[in-house]
Peer 1: 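Sharing a structure here in structure tokens format.
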Amino acid sequence: MGLTSTTVLVIAISVALLLLAATVVWWPRLARPSWQAVLGRIGALLTTQIAVLCAIGLAANNYFAFYSSWDDLLGTGDPGPVSVQAAVDGRPAAAPPVVKAHLLGKEPVQGGTGGPEQTGEIHAVRITGSHSGLSTDAYVYLPPQYFQPAHAQKHFPAAVVMTGFPGDAKNLITRLNYPSAALQLMQAGKMQPTVLVLMRPSPAMPADTECEDIPGGAQSETYFTKDVPKVISASYRVSAAAAGWGVVGNSTGGYCAVKMAMRHPEVFPTAVALSGYYKAAEDATTGDLFKGSQQRRNEADLMWRLNNLPQPKISVLLAGPQAGDGGYKPGTEAFQKAVKAPMTANTAWVPQGGHNFRTWSQLLPPSLEWLSQHLTAAA
């Protein structure tokens, strides 16, 4: 039974309720002054509390989709090999072949009515990178026009969309519902038909890689900036030009979005960050990302890049709450103030909000509309 299955959750809740009932029934017998009764009371309390916490944890995980499987939670399983392309006889190694996205399933758009020609379609896929050796599951939203005969030869703009860590890509459908939000904007004429690639920000779970190429470790930056665009381009009718590509994210995904645009403007010249931050996190989930290199740490600091490196020709939108959890506004204002041509930075605010899905849901429609205005699909 999977970690997120309803059966597991029902069993956990049932066990917690049974243990609670047993504790209430047996408590009078455990009220004696003997040491055996004292140990019994301690055991009953601990067992009941652990069972209740497990049930609450499973319910929270099912709602927020932090971990999608037991392997995801425990850090077991095989996430895929990490490969290094070496030179041969002093010559650059041949480019590895591009593997198309592996289709895992299809599903309709939530709240939509009609077939793919009216609402589009969501593909569950596995994206395997030939450069990085990494792979992870994702969802690809194809707009209605993708299935309409009049657009059969059209190549669409595309955007990689990343959730926060350790959130699952499914959050971008169940909690933020990017496909439905995009569909509504397209139907209102406020967004051009766009392919959305919905992903989590780390292809090396359970580690938080902060979209970095870690020396001797997971090459996450390579995965997102080389492998993902190539695999999606080989699998779907999307723009071959960089002007047709953007990257969007919330929280960790927002940091990744702006960083990847600043480092790789030739891949992602447009980026949107919803409550993103500006310096790589370093904690128990990340480990040592930079292997002691201060230069690498500096280059992952977006403010440092603005102040010490030439600014790229990119457009970014920084969105978040003006007041509320996270202290988002001061850092964003400082970042925007440091931006100079040819780079541009716009902001979008909600008056009050937290670092949560409710705030990001409010920011999503104007952010997608702004993104669409900056993407240009090839003819």
Peer 1: Does atom CD (Gln153) have a neighbourhood of more than 12 heavy atoms from anything else shown, all under 6.0 Å?
Peer 2: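 Not buried by this count: 12 neighbours or fewer within 6.0 Å.
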Peer 1: Testing Leu134, Asp227, Val197 for side chain to side chain contact (heavy atoms under 4.5 Å, CB included) with Ile127, which one passes?
Peer 2: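 Testing each of Leu134, Asp227, Val197 against Ile127, the sole residue satisfying side chain to side chain contact (heavy atoms under 4.5 Å, CB included) is Val197.
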Peer 1: Yes or no on side chain to side chain contact (heavy atoms under 4.5 Å, CB included) for Val267 and Met260, after CA distance, side-chain angles and deciding distance?
Peer 2: CA-CA 8 Å; Val267 180; Met260 290 195 296; over 6 Å; no
Peer 1: Nearest 0.5 Å, what's the OG1-CG distance between Thr119 and Leu142?
Peer 2: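 The CG atom of Leu142 is 11.0 Å from OG1 of Thr119, to the nearest 0.5 Å.
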Peer 1: With a 3.5 Å cut-off and no angle check, do the side chains of Thr347 and Trp349 form a donor-acceptor pair?
Peer 2: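 The answer is yes; a qualifying pair exists.
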Peer 1: Is it the case that one hydrophobic cluster holds both Leu103 and Val140, taking links as side-chain heavy atoms less than 4.5 Å apart, direct or via other members?
Peer 2: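 Cluster IDs for Leu103 and Val140 match.
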Peer 1: Please answer: with hydrophobic residues joined when any side-chain heavy atoms are less than 4.5 Å apart, are Met162 and Ile214 in the same cluster?
Peer 2: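 As far as the 4.5 Å side-chain criterion goes, Ile214 and Met162 are not connected within one cluster.
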Peer 1: Indicate yes or no: at least one non-hydrogen side-chain atom of Met262 is less than 4.5 angstrom from one of Leu309.
Peer 2: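 Side-chain contact under 4.5 Å: no.
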Peer 1: With distance as the sole test, does Gln362 use its side chain to make a donor-acceptor pair with the main-chain N or O of Pro321 at under 3.5 Å?
Peer 2: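 A pair under 3.5 Å: no.
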Peer 1: After noting the C-alpha distance and the side-chain angles of Glu221 and Lys226, does the key distance pass the salt bridge (charged side-chain N to carboxylate O under 4.0 Å, His left out) rule?
Peer 2: CA-CA 8 Å; Glu221 181 179 1; Lys226 286 187 177 180; over 6 Å; no
Peer 1: Is the closest basic N to carboxylate O distance between Glu107 and Lys170 below 4.0 Å?
Peer 2: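 A salt bridge is present here (some side-chain N lies under 4.0 Å from a carboxylate O).
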Peer 1: Would you say the side chain of Lys259 lies within less than 4.5 Å of the side chain of Glu212, judging by non-hydrogen atoms?
Peer 2: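 Contact flag for Glu212/Lys259 side chains = yes.
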Peer 1: Walk me through whether Leu104 and Asp137 qualify under side chain to side chain contact (heavy atoms under 4.5 Å, CB included).
Peer 2: CA-CA 9 Å; Leu104 302 174; Asp137 292 346; 3.8 Å; yes
Peer 1: Any donor-acceptor pair under 3.5 Å linking the side chain of Arg200 with the backbone of Thr163?
Peer 2: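 No: the side chain of Arg200 does not pair with the backbone of Thr163.
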Peer 1: Output, in order, the C-alpha distance, side-chain angles, deciding distance and verdict of side-chain hydrogen bond (donor to acceptor under 3.5 Å, both in side chains) for Thr344 and Ser315.
Peer 2: CA-CA 5 Å; Thr344 62; Ser315 298; 3.1 Å; yes
Peer 1: Is Thr332 reaching over with its side chain to a backbone N or O of Pro330, donor-acceptor style, under 3.5 angstrom?
Peer 2: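 No, Thr332 side chain to Pro330 backbone: no donor-acceptor pair under 3.5 Å.
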Peer 1: Is any side-chain heavy atom of Thr136 closer than 4.5 Å to one of Met199?
Peer 2: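 Of all side-chain heavy-atom pairs linking Thr136 with Met199, at least one is under 4.5 Å.
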Peer 1: Would you check if there is a donor-acceptor pair between the side chains of Thr128 and His102 at a distance under 3.5 Å?
Peer 2: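 Thr128 and His102 do not have a side-chain donor-acceptor pair below 3.5 Å.
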Peer 1: Does Thr222 use its side chain to pair, donor to acceptor, with the backbone of Ser132 at less than 3.5 Å?
Peer 2: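 Absent.
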Peer 1: Ignoring hydrogens and angles, tell me if any N or O in the side chain of Ser293 forms a donor-acceptor pair with the backbone of Phe290 under 3.5 Å.
Peer 2: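 Side chain of Ser293 to backbone of Phe290: no pair is present.
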Peer 1: Looking only at the side chains, is there a donor atom on one of Ser135 and Arg126 sitting less than 3.5 Å from an acceptor on the other?
Peer 2: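 Looking only at side-chain atoms, Arg126 and Ser135 do form a donor-acceptor pair, the distance falling under 3.5 Å.
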Peer 1: Any chance the side chains of Ser239 and Trp245 put a donor and an acceptor closer than 3.5 Å?
Peer 2: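 The answer is no; no qualifying pair exists.
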Peer 1: Looking at Gln219 and Gly217, would you say the former's side chain and the latter's main chain have a donor-acceptor pair under 3.5 Å?
Peer 2: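 Yes, Gln219 side chain to Gly217 backbone: donor-acceptor pair under 3.5 Å.
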Peer 1: Applying the 4.5 Å side-chain criterion to the ILVMFWY set and letting contacts propagate, would Met343 and Trp304 be lumped into a single cluster?
Peer 2: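 Different clusters.
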Peer 1: Please name the residue in the list Leu318, Asn250, Leu274, Val248 that meets the side chain to side chain contact (heavy atoms under 4.5 Å, CB included) test with Ser367.
Peer 2: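 Exactly one candidate clears the test, Leu274.
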Peer 1: Between Thr359 (side chain) and His355 (backbone), is there a donor-acceptor pair under 3.5 Å?
Peer 2: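 Checked: no pair found.
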Peer 1: Can you check whether Val238 reaches His155 side chain to side chain, under 4.5 Å on heavy atoms?
Peer 2: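 A side-chain contact is absent here, since even the closest heavy-atom pair is not under 4.5 Å.
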Peer 1: Under 6.0 Å from the six-membered ring centre of Phe156 and within 45° of its axis: does the NZ or CZ of Lys154 meet both?
Peer 2: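 Flagged: Lys154 positioned over aromatic ring of Phe156.
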Peer 1: Go through the steps to decide whether Gln295 and Glu299 satisfy the test side chain to side chain contact (heavy atoms under 4.5 Å, CB included), and finish with yes or no.
Peer 2: CA-CA 6 Å; Gln295 181 63 27; Glu299 291 176 356; 2.9 Å; yes
Peer 1: Let me confirm one number: the CG-CD distance from Leu371 to Gln192, rounded to the nearest 0.5 Å.
Peer 2: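 Reported to 0.5 Å precision, the distance equals 8.5 Å.
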Peer 1: Mind checking whether Pro144 and Glu117 have side chains closer than 4.5 Å, heavy atoms only?
Peer 2: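 Result no, sub-4.5 Å side-chain heavy-atom pair not found.
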Peer 1: Donor-acceptor pair, Lys190 side chain versus Pro366 backbone, under 3.5 Å?
Peer 2: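 Not at all, since once roles are kept as given, no pair shorter than 3.5 Å links the two residues.
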Peer 1: Please confirm whether the backbone N or O of Gly115 pairs with a side-chain atom of Gln118, one donor and one acceptor, at under 3.5 Å?
Peer 2: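 Yes, the answer is positive, given that a donor and an acceptor are paired below the 3.5 Å cut-off.
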Peer 1: Decide side chain to side chain contact (heavy atoms under 4.5 Å, CB included) for Val99 and Val231; before the verdict, give the C-alpha distance in whole Å, the side-chain angles of both, and the deciding distance to 0.1 Å.
Peer 2: CA-CA 6 Å; Val99 179; Val231 171; 5.6 Å; no
Peer 1: Going by the rule side chain to side chain contact (heavy atoms under 4.5 Å, CB included), which residues pair with Leu20 if we only count those two or more places apart in sequence or in a different chain?
Peer 2: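 Listed in chain order: Thr48.
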Peer 1: Would you indicate whether the side-chain heavy atoms of Val247 and Phe224 approach each other to under 4.5 Å?
Peer 2: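 Counting from C-beta outward, Phe224 and Val247 never come under 4.5 Å.
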Peer 1: Between the side chains of Glu333 and Lys329, is the shortest nitrogen-to-carboxylate-oxygen separation below 4.0 Å, so that they form an ion pair?
Peer 2: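 Yes, this pair counts.
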Peer 1: Would a 4.5 Å heavy-atom cut-off, applied to side chains only, mark Asp213 and Arg296 as touching?
Peer 2: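 A side-chain contact exists here, since the closest heavy-atom pair is under 4.5 Å.
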Peer 1: What distance separates Tyr178 OH from Leu172 CG, expressed to the nearest 0.5 Å?
Peer 2: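 That separation rounds to 6.0 Å.
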Peer 1: Is it the case that Arg237 places NZ or CZ above or below the six-membered ring of Tyr146, under 6.0 angstrom from the centre and within 45 degrees of the axis?
Peer 2: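 Here Arg237 passes the 6.0 Å and 45° test against Tyr146.
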Peer 1: Regarding Tyr277 and Ser251, is there a side-chain donor-to-acceptor distance under 3.5 Å anywhere?
Peer 2: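 Note: Tyr277 and Ser251 side chains miss the donor-acceptor criterion.
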Peer 1: Regarding His123 and Glu121, is there a side-chain donor-to-acceptor distance under 3.5 Å anywhere?
Peer 2: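 Yes, a side-chain donor-acceptor pair sits under 3.5 Å.
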Peer 1: Is there a chain of hydrophobic side chains (I, L, V, M, F, W, Y, each step under 4.5 Å between heavy atoms) that links Leu289 to Met303?
Peer 2: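 Result: no, two separate clusters.
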Peer 1: Counting N and O atoms only, with roles assigned by atom type, does the side chain of Gln311 sit under 3.5 Å from a partner on the main chain of Lys340, one being a donor and the other an acceptor?
Peer 2: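 The answer is yes, because a donor-acceptor pair under 3.5 Å joins these two groups.
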Peer 1: If I take atom CG from residue Leu302 and atom OH from residue Tyr278, how far apart are they, to the nearest 0.5 angstrom?
Peer 2: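 Leu302 atom CG to Tyr278 atom OH measures 8.5 Å (nearest 0.5 Å).
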Peer 1: Decide yes or no for Thr209 and Tyr223: does some side-chain heavy atom of the first lie under 4.5 Å from some side-chain heavy atom of the second?
Peer 2: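 They are not in contact (no side-chain heavy atoms under 4.5 Å apart), so the answer is no.
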